[in-house]
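First up is the structure itself, then whatever we jot down about it.
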2 protein chains.
Amino acid sequence: MTLTPGARRILEVASDLFYERGIHAVGVDTIAAESGVTKRTLYDRFGSKDELVAAYLRARDERWRERVTAAVEAETDPRRRALAPFAVLEDWAADRGCAFVNAFAELDDPGHPGRAVVTGEKEWLRALFAAELTAAGADDVADLALHLLVLHEGALVAHAVAGQPAALRVARDAARGLVERAAAR
Amino acid sequence: MTLTPGARRILEVASDLFYERGIHAVGVDTIAAESGVTKRTLYDRFGSKDELVAAYLRARDERWRERVTAAVEAETDPRRRALAPFAVLEDWAADRGCAFVNAFAELDDPGHPGRAVVTGEKEWLRALFAAELTAAGADDVADLALHLLVLHEGALVAHAVAGQPAALRVARDAARGLVERAAAR
DNA sequence: TCTCGACTACACTGACCTGTGAAGTGTTAC
DNA sequence: GTAACACTTCACAGGTCAGTGTAGTCGAGA
């Protein structure tokens, strides 16, 4: 999906503003103005604000998956591979929290095109944990993968909402212990 | 703080709507209409929408603390006391997720009167974990309390956003194992 | 009887919201 | 040379947003 130059600027600006201020709090006029583009162009490229929101979430999801995938594939030891998402957590965790959790909070309509992206992101991570745990020879993979997901999401919330940066380290250490115990059988 | 009959209805309606649809998505006209009250009354009682939002969060915080406190005090064993917040998690976890995390997503201004309530809620829970862990004779209480907070918040997110209801059980079991290991020494 | 507090009725402001219509400019590709 | 494409300009529709001003009703307590 190749974007026109204007569309790329719109998406960059919208991503920053949606994440920083919230989806409902940012109007299309602001996005168009900050992108140096007219509102007409915005609607010609994206069709509606809802679709722009979905495009924002898809782009962020894609960037994040690339980052996690790269971190996973940089490791060979199955145990370290399962822990890779925790290794990149610190680069990812910003003070406004998880963009997908935040989007979930604002998108109350289950039919919104962005909702599928949000749940897809979490499901992808859970499945990745499950796959790497299986490769590491763990038993009870389903619960273990959920456990890692809980630690991952909990770390982000405790970091951003509760203002506890140490939560990232605590979650990472807990995940490591969990995986090592599971793989040792 | 005794509320007038009108104010009570406004707060009830606002709580439902803010939680279900989101804060920015609900206008004061809707709240007034659904409360069977004029907008004038709403402004006479609460002053502004921001203050109404803060009142909503304070009321929800208060109800939740009462519930958790009751669950903690119903137990005598220090280990079970530390785990009490996980016992009431299932009653609390709804499909729209944690109201405070959702509010954090929408309130980008750190000076918003609701922000203090949100961070206060998380800090209160963390401190409760720390106090009960200390009473249970645990070492390294700070990290353990954070670990429990991570499990707690992660369970809520994994449940609501990721659509994994089993996350509640997984987090509860993990917390139990953690507390029992910590108190055993 | 008088006052006070809770509340109603309702018009109104000014800003902002998403979204559209129509006409026109500049660039590139065939 | 012409057609497709990206984009501009700008006016405008039809709502909704938070918030205010003014005048008045009704019941309870002093």
Side-chain angles (χ1 to χ4, degrees), chain A residues 1-57 59 102-103 105-109 111-115, chain B residues 1-57 59 102-103 105-109 111-115:
Chain A
M1 202 210 277
T2 322
L3 295 173
T4 63
R8 207 178 318 115
R9 285 200 319 273
I10 292 166
L11 195 52
E12 277 167 19
V13 167
S15 294
D16 284 354
L17 294 180
F18 283 154
Y19 179 64
E20 219 61 50
R21 302 190 203 162
I23 292 168
H24 285 316
V26 178
V28 286
D29 292 276
T30 307
I31 295 168
E34 298 257 310
S35 312
V37 140
T38 58
K39 212 163 43 159
R40 244 278 149 255
T41 303
L42 189 153
Y43 276 92
D44 284 347
R45 294 296 143 255
F46 294 96
S48 70
K49 184 182 178 179
D50 282 351
E51 283 303 328
L52 177 58
V53 168
Y56 147 62
L57 291 170
N102 291 358
E106 296 210 68
L107 307 181
D108 63 308
D109 175 15
H112 191 288
R115 277 287 287 266
Chain B
M1 203 209 275
T2 322
L3 295 173
T4 63
R8 207 178 319 115
R9 284 200 321 273
I10 292 166
L11 195 52
E12 278 166 18
V13 167
S15 294
D16 284 353
L17 293 179
F18 283 154
Y19 179 65
E20 221 59 51
R21 302 190 204 163
I23 292 169
H24 285 317
V26 178
V28 288
D29 293 272
T30 306
I31 295 169
E34 299 257 308
S35 312
V37 140
T38 58
K39 211 161 43 158
R40 244 275 153 263
T41 302
L42 189 153
Y43 277 92
D44 283 348
R45 298 293 143 258
F46 294 96
S48 69
K49 184 183 180 182
D50 281 351
E51 282 304 327
L52 176 59
V53 168
Y56 147 62
L57 292 169
N102 291 358
E106 296 211 68
L107 307 181
D108 64 308
D109 176 13
H112 191 288
R115 277 286 288 266

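All values derive from a computational prediction rather than experimental measurement. Below, chains carry the letters A, B, ... as their sequence lines are ordered, and counting in each starts from 1.
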field: Step-by-step side chain to side chain contact (heavy atoms under 4.5 Å, CB included) determination, A:R21 to A:T30
entry: CA-CA 12 Å; A:R21 302 190 203 162; A:T30 307; 4.3 Å; yes
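Looking at every heavy atom in both residues, B:G6 comes nearest to B:V37 through CA-CG2, 4.3 Å. Counting all heavy atoms, side chain and backbone alike, B:P113 lies closest to B:A54 at CB-CB, 3.8 Å. Among all heavy-atom pairs drawn from B:H24 and A:A25, the shortest one is NE2-CB, 4.1 Å. The shortest heavy-atom contact between A:T4 and A:R45 is OG1-CD, 3.4 Å. Summarising the geometry of B:L42 relative to B:A32, their closest heavy-atom pair is CD1-N, 4.2 Å, with the distance given to 0.1 Å.
Scanning for side chain to side chain contact (heavy atoms under 4.5 Å, CB included) contacts around B:F46 gives B:A7, B:I10, B:L11, B:L52, B:A55, with sequence neighbours left out. Applying the side chain to side chain contact (heavy atoms under 4.5 Å, CB included) test to A:E12 and every residue at least two apart in sequence or in another chain returns A:R8. In terms of the side chain to side chain donor-acceptor pair (under 3.5 Å) criterion, residue partners of A:T41 (sequence neighbours excluded) are, by chain and number, A:T38. Looking at residues two or more places apart in sequence or on another chain, you find no side chain to side chain donor-acceptor pair (under 3.5 Å) involving A:K49. By the side chain to side chain donor-acceptor pair (under 3.5 Å) test, B:D108 pairs with no residue at all, sequence neighbours left out. Partners of A:D109 by salt bridge (charged side-chain N to carboxylate O under 4.0 Å, His left out), not counting sequence neighbours: none found. Partners of B:D16 by salt bridge (charged side-chain N to carboxylate O under 4.0 Å, His left out), not counting sequence neighbours: none found.
Note that the first and last nucleotides of DNA chain C, 5' to 3', having any atom under 4.0 angstrom from a heavy atom of chain A are C:dC17 to C:dA22. Heavy-atom contacts of chain B under 4.0 Å fall on DNA chain D between two terminal nucleotides, which in 5' to 3' order are D:dC17 to D:dT22.
A heavy-atom distance below 4.0 Å to DNA chain C is reached by none of the residues of residues 13-27 of chain B. For the segment residues 45-54 of chain B, residues with any heavy atom less than 4.0 angstrom from an atom of DNA chain D are, sorted by number, B:S48, B:K49. DNA chain C lies under 4.0 Å from at least one heavy atom of each of the following residues of residues 28-42 of chain A: A:V28, A:D29, A:K39, A:R40.
Within the model, atoms CG of A:L107 and CG of A:L57 stand 7.0 Å from one another, a figure rounded to the nearest 0.5 Å. Between atom CG of residue A:L17 and atom CD1 of residue A:I31 there is a gap of 6.0 Å, rounded to the nearest 0.5 Å.
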